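What you see is a predicted model, and the numbers here were worked out from it, not measured in a lab. What's counted below: heavy atoms across the whole structure, side chains too, no hydrogens, waters or symmetry copies. Residue numbers begin at 1 in each chain, while the letters A, B, ... track the order of the sequences.
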Amino acid sequence: MPVESAFQPKIAAFCCNWCSYAGADLAGSSRLSYPADVKIIRVPCSCRVNPLFILRAFQRGADGVIICGCHPGDCHYTSGNYFARRRAALLFSMLDYLGVESGRTRVEWVSAAEGQKFAATMNDFAKTVASLGKCRRIGDLRCRTSES
Amino acid sequence: MTKIGVFVCWCGSNIAATVDVDAVSEAIKAAPGVVFATNYQYMCSEGGQAAIRSAVAEHGLTGVVVCSCSPRMHEATFRKAAAGAGVNPYMVEIANIREQCSWIHKDKAEATAKAIALARAAVAKLNLDRPLTAPETPVTKRALVIGGGIAGIQTALDVADAGYEVDVVEKSPTIGGKMAMLDKTFPTLDCAACILTPKMVDAAAHEKITLYTYSEVEKVSGFVGNFTVDIKKRARSVSVDRCTGCGVCSEKCPSKRAKSEFDQGLRERSAIYIPFAQAIPNVPVIDRDTCLKFQTGKCGLCEKVCPSHAVDYSQEDEVITKQYGAIVAATGFKPIGLERFDEYAYSRSPDVVTSLEFERLCNAAGPTKGHLVRPSDGKEPKTVVFVQCVGSREASGIGAMKGKPYCSKICCMYTAKHAMLLREKYPDSEAYVFYIDVRTPGKNFDEFYRRAAEEYGVHYIKGMVGKVCDEGNGRLTVRASDLIENRQLLIDADMVVLAAAVEPDPSARALATLLTASMDTNDFFTEAHPKLRPVESPTAGVFLSGMCQGPKDIPDTVAQAGAAAAKVIGLLSKDRLVGNPCVASCDETLCNGCSACERVCPYGAISYETKTVVDRGAKDERRVASVNEALCQGCGACTVTCPSGAMDLRGFTGRQIMAEVDAICR
């Protein structure tokens, strides 16, 4: 029986290049720590995040996926984050229905000036995901590693 | 197959202290495609770049992964280094192991493991990268300046003096902006008109400058170097070519009840009017809302009396379309409305005025011909109370915010100026200034304020005015607190002058949307970098001049206007611009012609055309999407919308991101 506190969740964070990735950079240069389980994938805009990427992440063993974009109204591309928000709302509710708990998915707006918010968001999200344990619902059996 | 070299940077001790760089470069050698891996103290230095060059020569690398700081910091550096070594610059990926790893983690084993994971993701992505060529586009060598105040005029003059054509669009009938309304300017007390109007004349006379007054920008499309702008020239109802500016029309106009915008409503003007004597162009405009001819169909007097037959009621709004390489926002400011500050009795008493109204009352060309009197009864004021920070520096969090959280920056200085002007005009008068702080940084500014307080005997009182009561007998009672003496004051005043906070001109919000330029919470335009790129908007090709970017006085505005001009000149001096090759592209064999991508594209970069598509050897006529690569900004909205997966984004393809996902979920 694995000890729950030792569980290290795998978290994929999609960050838009203009706001959230810069926010993550600011968190870094401000030395604000968050769990190493969070790994960032840079995308030009949150609207570049295809729902298929999120499904792929869960299939490949991710325990949580977060999309970060510019605040509403501040999108570098004017409207991309609105698309992202709508797509995420649909996908996340369907994932919840499929048994991937809503705590494992999140959309958060983080500006380039919000290093603090970025770190706080990642800490909170990682904590939530860790409390939910390993995500086994839609993981591809072929991708399972021995400990899962 | 890409032959990849991985270069792990120590960043001195920034990375190496927390990440075992040897372990990273050793572990990554096992990743598919990696033929070489090393680490070096400072990859961005000449030595680091030389290491890339020699590794490319030795191992025949076709792709480079640098594990270092954020790509926002040095991606351009490493792309350039790769290009110098003969590798396509878009075959470079950065693994951010400083901001995202060494700086935020303390445990070396944990940080090293994460660095390896990030490096693997970068390698996985690079394996699917394809060499790209940046598109080059020509630059239209003409600039558009939006706003014809001192900021816009100065930017236009500087750009035009460098030899480039400049168009200035001003929404009011004349250029000159707020500065034209001012009487004297601090700290020298020279008259605003004397220094501004020659510049207005210069702008009008400059062979490279075209002025579009009474005009507005209606539509903006295109991108840096190649903007297409629709300018709506509102109908003046007077021919600019024929009018001689004699002024007979406004003299004879029977409708004289409209409030003069230029004189802050302190004077009435005719329906056909020239805002002020030195207006440029010196051509009247008919205000159709108050003109009897337009409202009732009866009158037509101005047309009859005009000696040069310039009045033309049939004139209509006209839209002209022009091309520009650069656009400068210089939309300026306005004082905030005081509806929510009723404690100062502004709406009830005509003798409670704003500072801008006070300027007009002091001005020789103003409604009182420079005779400073009370608007209510025309008497000379003996006691004047100046209230600073009306709506500025409002503390947030206490209910709904009435004013603005920021300092308006100019009020301390102009209030000192006003108090001095009052004491100069009426030496027996008393001037009281209520302030939160007196802020006078700037060359000769503090000296100026001290002159007001010490030589001119202006009473400076640290404290707030709580209430102004109109006693009805021509007297105003000002209740205030003196925070230093810790007592309540009751001042019997003839006039109260309110230093209203400044706010961006209301037209700025709509313009920002047209330009896709970002704004802050106060509707000031955001600069690309608050310290290092203060006159550029984050939107390429859009520049900022004057108050639209933040509160500033005339010297700062002129300095910023010149800086914006320098940036515009730098852009226009280029013949070609190198664009971004990471744009969307359509796989025509997969496209089903549904138009979904066209609808989500914020730049109108996607269109549909019917063409012959060769699909698995068979030729077929199909309606397929086509991306205008010059317009596409590479957001990727279309790629996700596309139901058939035909749309993809170069440099961030679906397969590449999937590969990254796979790598980090390993």
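- Between A:Arg31 and B:Ile104 the shortest side-chain heavy-atom distance does not fall below 4.5 Å.
- For the set A:Ser46, A:Ser33, A:Cys45, the entry with the most heavy-atom pairs within less than 4.5 Å of chain B is A:Ser33.
- The heavy-atom pair separating B:Thr653 from A:Arg48 by the smallest distance is C-NH2, 3.3 Å.
- Among the candidates B:Gly636, B:Ala111, B:Cys638, the residue making the largest number of heavy-atom pairs closer than 4.5 Å to chain A is B:Gly636.
- For B:Met73, no part lies under 4.5 angstrom from a heavy atom of chain A.
- Separating the CZ atom in A:Arg56 from the CG atom in B:Asp662 is a distance of 4.0 Å, to the nearest 0.5 Å.
- At least one side-chain heavy atom of A:Val43 sits less than 4.5 Å from a side-chain heavy atom of B:Ile657.
- At least one donor-acceptor pair closer than 3.5 Å links the side chain of B:Lys114 to the backbone N or O of A:Val38.
- In this structure, B:Lys108 places its NZ atom where more than 12 heavy-atom neighbours from other residues, nucleotides or ligands lie under 6.0 Å away.
- Looking only at side-chain heavy atoms (C-beta outward), B:Val640 and A:Pro51 come within less than 4.5 Å of each other.
- The most heavy-atom pairs under 4.5 Å with chain A, out of B:Leu118, B:Asn14, B:Val600, come from B:Val600.
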Check the pair B:Glu93, A:Arg42 against salt bridge (charged side-chain N to carboxylate O under 4.0 Å, His left out), reporting the backbone distance first and the verdict last. CA-CA 11 Å; B:Glu93 293 294 338; A:Arg42 183 164 73 128; 5.6 Å; no
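- Not counting sequence neighbours, B:Arg120 has no partner by the side chain to side chain donor-acceptor pair (under 3.5 Å) test.
- In this structure, the portion of A:Phe83 lying under 4.5 Å from any heavy atom of chain B is its side chain and not its backbone.
- Contacts with chain B were tallied for A:Ser29, A:Gly80, A:Ser79; A:Ser29 has the most, counting heavy-atom pairs under 4.5 Å.
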Take B:Val661 and A:Ile41, measure what side-chain contact (heavy atoms from CB on, under 4.5 Å) needs, and give me the verdict at the end. CA-CA 8 Å; B:Val661 168; A:Ile41 295 174; 3.6 Å; yes
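- Remark: A:Asn81 CG to B:Cys635 SG distance equals 10.5 Å, nearest 0.5 Å.
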Audit row: A:Leu52, B:Met658, side-chain contact (heavy atoms from CB on, under 4.5 Å) steps and yes/no: CA-CA 9 Å; A:Leu52 295 173; B:Met658 293 276 202; 3.9 Å; yes
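- By the 4.5 Å heavy-atom criterion applied to side chains, A:Tyr21 and B:Pro71 are counted as neighbours.
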Verdict with supporting geometry, A:Asp25 and B:Asn96, side-chain contact (heavy atoms from CB on, under 4.5 Å): CA-CA 9 Å; A:Asp25 278 355; B:Asn96 184 348; 3.2 Å; yes
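- For the residue pair A:Arg87/B:Thr641, the side-chain donor-acceptor check at 3.5 Å is satisfied.
- At least one donor-acceptor pair closer than 3.5 Å links the side chain of A:Lys10 to the backbone N or O of B:Cys665.
- For chain B, the nearby parts of A:Asn17 are the backbone and the side chain; heavy atoms of each come within less than 4.5 Å.
- Contacts between A:Val65 and chain B at a heavy-atom distance below 4.5 Å are absent for every atom of the residue.
- Nearest heavy-atom pair across B:Gly634 and A:Tyr77 is O-OH, 3.8 Å.
- Residues meeting the side-chain contact (heavy atoms from CB on, under 4.5 Å) test with B:Asn580, sequence neighbours left out: B:Cys582.
- Comparing A:Ala24, A:Ala27, A:Ala62, A:Ala22 by heavy-atom pairs within less than 4.5 Å of chain B, the highest count is held by A:Ala22.
- Heavy-atom pairs under 4.5 Å with chain A peak, among B:Gly654, B:Ala121, B:Ala117, at B:Gly654.
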Go through it in stages, so that I can follow the logic: the residues are B:Glu660 and A:Phe14, the test is side-chain contact (heavy atoms from CB on, under 4.5 Å), and I'd like the CA-CA distance, side-chain angles, deciding distance and then a yes or no. CA-CA 11 Å; B:Glu660 280 185 273; A:Phe14 292 96; over 6 Å; no
